[in-house]
Amino acid sequence: MLDIQDKNIYISENAVTYGQHKGKDCKFIKAKLTYEVNECPNCQAEKVGASIYKNGTQLSRITIPTMGVYPTYLLLKKQRFMCKHCDTSFTAQTNISYTEYKYYGLFGQRLESSVVQEILDYSGELRVNYDLYQDLLEAIDEKDYHALENALSKQCPTDASTYLRTSMKTLRKHLPYTKNSFQYTYNNSRIEGINNKIKVLNRVAYGYRNFNHYKNRIRIHFKLKPLVKTPNTSDKNKSHSRAA
């Protein structure tokens with residue numbers, strides 16, 4: 001029913017109960033994870049007699065696909081073990097994902113990939129744009145210049161939106177600069193961050209009527225020291241005429 005392949009998880013006959021979680025009616029399925037261990041994963045000491053013994057359980061709530069109309073959770077009691085060699089405890093492990101399934105208001109408890117595929121099935125144009133966008137995004141994330149160049153050199157499908165065509169045209173225009181960003185680590189992120197903070201200071205204060213006050217506020221925020229002009233020697237020796 002749950003398609004659980006882990007043979008160390010045991011579910012009794014009367015394991016299904018109903019209750020509430022975060023104010024919503026849901027279904028709970030109780031199970032237990034236990035098995036025999038031969039060595040301690042912490043100190044790698046082999047089990048001799050009762051050197052490693054069972055020491056209670058730890059309850060975990062795992063989100064699983066919705067069964068019927070209620071959100072469904074697996075209440076898994078994981079066996080805990082105690083090792084006498086290193087005096088530490090550890091918990092039984094399983095391959096069941098704890099974050100694979102999520103609850104969506106319009107789609108229920110499902111995988112993210114299945115939700116995306118269902119949305120794309122409603123529109124062929126959306127699927128074309130999504131595939132092109134994913135190709136570009138993957139090339140940029142992996143900093144693969146050849147993959148990005150191949151994706152941009154392909155003829156754009158007729159179903160692609162005008163916005164995506166414009167974006168791809170812009171990327172083609174700046175392709176040499178994009179290659180440089182893949183090869184070198186230099187960027188202007190620090191300068192952009194400083195500019196953004198200065199704009200935020202101006203917006204929070206609703207503007208400054210006096211530019212000197214605005215400049216001093218920036219100096220205070222960034223802990224900058226004002227420049228002190230040193231008088232030139234020529235200025236010191238310069239004579240001033242006095243009125244007769």
Side-chain angles (χ1 to χ4, degrees), residues 1-33 58-78 91-172 178 181-182 189:
M1 181 177 61
L2 299 178
D3 196 23
I4 295 178
Q5 305 299 324
D6 195 335
K7 297 182 180 180
N8 297 321
I9 295 179
Y10 302 92
I11 302 177
S12 59
E13 295 182 358
N14 301 323
V16 180
T17 59
Y18 294 89
Q20 285 191 344
H21 177 60
K22 294 183 179 180
K24 296 182 179 180
D25 296 333
C26 55
K27 183 187 298 184
F28 297 103
I29 300 177
K30 298 179 180 180
K32 186 175 182 179
L33 171 65
Q58 180 180 352
L59 183 63
S60 298
R61 185 182 64 252
I62 303 174
T63 305
I64 58 178
T66 301
M67 300 174 55
V69 296
Y70 295 103
T72 308
Y73 300 95
L74 178 66
L75 299 180
L76 184 62
K77 287 185 177 181
K78 298 182 294 183
T91 309
Q93 302 295 323
T94 180
N95 293 327
I96 295 180
S97 175
Y98 290 79
T99 58
E100 189 175 6
Y101 295 97
K102 296 181 181 179
Y103 181 79
Y104 301 92
L106 296 177
F107 303 95
Q109 251 166 262
R110 296 174 57 183
L111 293 171
E112 292 183 358
S113 58
S114 64
V115 174
V116 172
Q117 292 301 324
E118 181 173 343
I119 294 175
L120 295 178
D121 290 338
Y122 288 107
S123 174
E125 179 181 356
L126 179 61
R127 180 177 290 277
V128 171
N129 294 328
Y130 179 80
D131 292 338
L132 286 174
Y133 170 72
Q134 291 299 321
D135 293 339
L136 297 174
L137 188 64
E138 182 179 1
I140 294 174
D141 288 342
E142 296 180 359
K143 295 186 177 181
D144 190 346
Y145 175 75
H146 296 289
L148 180 61
E149 187 178 19
N150 293 334
L152 294 175
S153 61
K154 294 180 181 178
Q155 185 176 2
C156 196
T158 56
D159 294 338
S161 66
T162 57
Y163 299 101
L164 184 59
R165 291 173 182 270
T166 304
S167 299
M168 295 181 68
K169 183 179 179 180
T170 305
L171 289 174
R172 293 192 199 99
T178 307
S181 67
F182 288 171
S189 59

So, using salt bridge (charged side-chain N to carboxylate O under 4.0 Å, His left out) as the criterion, who are the partners of R172 when residues are at least two apart?
none

Could you grab the distance from atom CG of L74 to atom CZ of R61, nearest 0.5 Å is fine?
11.5 Å

Which residues pass the side-chain hydrogen bond (donor to acceptor under 3.5 Å, both in side chains) test with T91, sequence neighbours left out?
Q58, R80

Quick one: pull up NZ in K169 and CG in L152 and give me the separation to the nearest 0.5 Å.
13.5 Å

Separation of K32 NZ from I11 CD1 (nearest 0.5 Å)
14.0 Å

Could you pull out every donor-acceptor pair under 3.5 Å between side chains of residues 130-151 and any protein atom, sequence neighbours left out?
from	atom 1	to	atom 2	distance (Å)
D144	OD1	H146	N	3.3
D144	OD1	A147	N	3.3
N150	ND2	H146	O	3.1

What's the verdict on side chain to side chain contact (heavy atoms under 4.5 Å, CB included) for V16 and F28, showing C-alpha distance, side-chain angles and the deciding distance?
CA-CA 6 Å; V16 180; F28 297 103; over 6 Å; no

Pairing residues for Y18 by the ring-ring contact (aromatic ring centres under 6.0 Å, His included) criterion, not counting sequence neighbours
Y70

Let me see the working for R127 and Q117 under side chain to side chain contact (heavy atoms under 4.5 Å, CB included), right down to the final yes or no.
CA-CA 9 Å; R127 180 177 290 277; Q117 292 301 324; 3.5 Å; yes

Going from CG on L76 to CD1 on I29, what distance comes out if it is rounded to the nearest 0.5 angstrom?
11.5 Å

Supply the atom-to-atom distance T94 OG1 to D6 CG, rounded to the nearest 0.5 angstrom.
4.0 Å

S123: side chain to side chain contact (heavy atoms under 4.5 Å, CB included) partners, not counting sequence neighbours:
E125, L126

Would a distance-only check, ignoring hydrogens and angles, find a side-chain to backbone donor-acceptor pair under 3.5 Å from N129 to S161?
yes

Which distance, rounded to the nearest 0.5 Å, do you find between the CD1 of I9 and the CD1 of I62?
6.5 Å

Output all residues satisfying side chain to side chain contact (heavy atoms under 4.5 Å, CB included) with S181, sequence neighbours left out; order by chain, then residue number.
T178

If you measure only the distance, is there a donor-acceptor pair under 3.5 Å linking the side chains of K30 and S12?
no

Can you find a heavy atom in the side chain of C156 that is under 4.5 Å from one in the side chain of M168?
yes

Do you know the tightest heavy-atom contact between A92 and L33?
O-CD2, 3.7 Å

Which atom names give the shortest non-hydrogen contact between R165 and P157, and what distance separates them?
NH2-O, 2.7 Å

